[in-house]
Amino acid sequence: MNSKRNIVIGSCLKSFRVEAGLTQRQVAQRLGKTQSFVSKVENADRELSLIEVFPYALALETDYSTLVEYIHSNLGSEYSINGSENSTN
């Protein structure tokens, strides 16, 4: 499960959490999840679905679009609209 994408996403979420001055336990409480869940997401041991990103953004005290743009900017060109991850060929 530790794909490059998941590693980058986890790192971005951790950066937002630390910037907000929050612990994993605090984020977990806001999400109604365990601290282990947050740790697994941050360490790329668990993927987040798109629907899970919305409450995660709120728990991190940021808006969804800011969080997604930050993640996208850190993923690199291979995940862009013209990159290989989105290629249908």
Inset, instruction - Any chance you could measure N6, atom CG, to N43, atom CG, to the nearest 0.5 Å? - result: 11.5 Å
Inset, instruction - Not counting sequence neighbours, which residues clear salt bridge (charged side-chain N to carboxylate O under 4.0 Å, His left out) with E52? List them please. - result: R46
Legend entry - Partners passing side-chain hydrogen bond (donor to acceptor under 3.5 Å, both in side chains) against T66 (at least two apart in sequence or in another chain): D63
Inset, instruction - May I ask you to decide if I7's main-chain N or O and S11's side chain share a donor-acceptor pair within less than 3.5 Å? - result: no
Inset, instruction - Report the residues that fulfil side chain to side chain contact (heavy atoms under 4.5 Å, CB included) with Q26, sequence neighbours left out, ordered by chain and then residue number. - result: L22, T23
Legend entry - Partner set under salt bridge (charged side-chain N to carboxylate O under 4.0 Å, His left out) for R30, not counting sequence neighbours: E61
Legend entry - L13 and L48, any side-chain heavy atoms less than 4.5 Å apart: yes
Legend entry - Closest approach of I71 to V8 (non-hydrogen atoms, all atoms of both residues): O-CG1, 4.4 Å
Legend entry - From CG (L60) to SG (C12), nearest 0.5 Å: 11.0 Å
Inset, instruction - Please collect all salt bridge (charged side-chain N to carboxylate O under 4.0 Å, His left out) contacts where either partner lies in residues 7-20, sequence neighbours excluded, each pair once. - result: R17-E42
Legend entry - Member of Q29, Q24, K40 meeting the side chain to side chain donor-acceptor pair (under 3.5 Å) criterion with Q35: Q24
Inset, instruction - Only counting residues at least two apart or in another chain, list the ones meeting side chain to side chain contact (heavy atoms under 4.5 Å, CB included) with A28. - result: V38
Inset, instruction - Say whether L50 and V41 are linked into one hydrophobic cluster, either directly or through other cluster members, by side-chain heavy-atom distances under 4.5 angstrom. - result: yes
Legend entry - ring-ring contact (aromatic ring centres under 6.0 Å, His included) pairs, two or more places apart, involving residues 7-58: F16-Y70, F54-Y64
Inset, instruction - With sequence neighbours left out, write down each residue that passes side-chain hydrogen bond (donor to acceptor under 3.5 Å, both in side chains) with N74, or none if nothing qualifies. - result: none
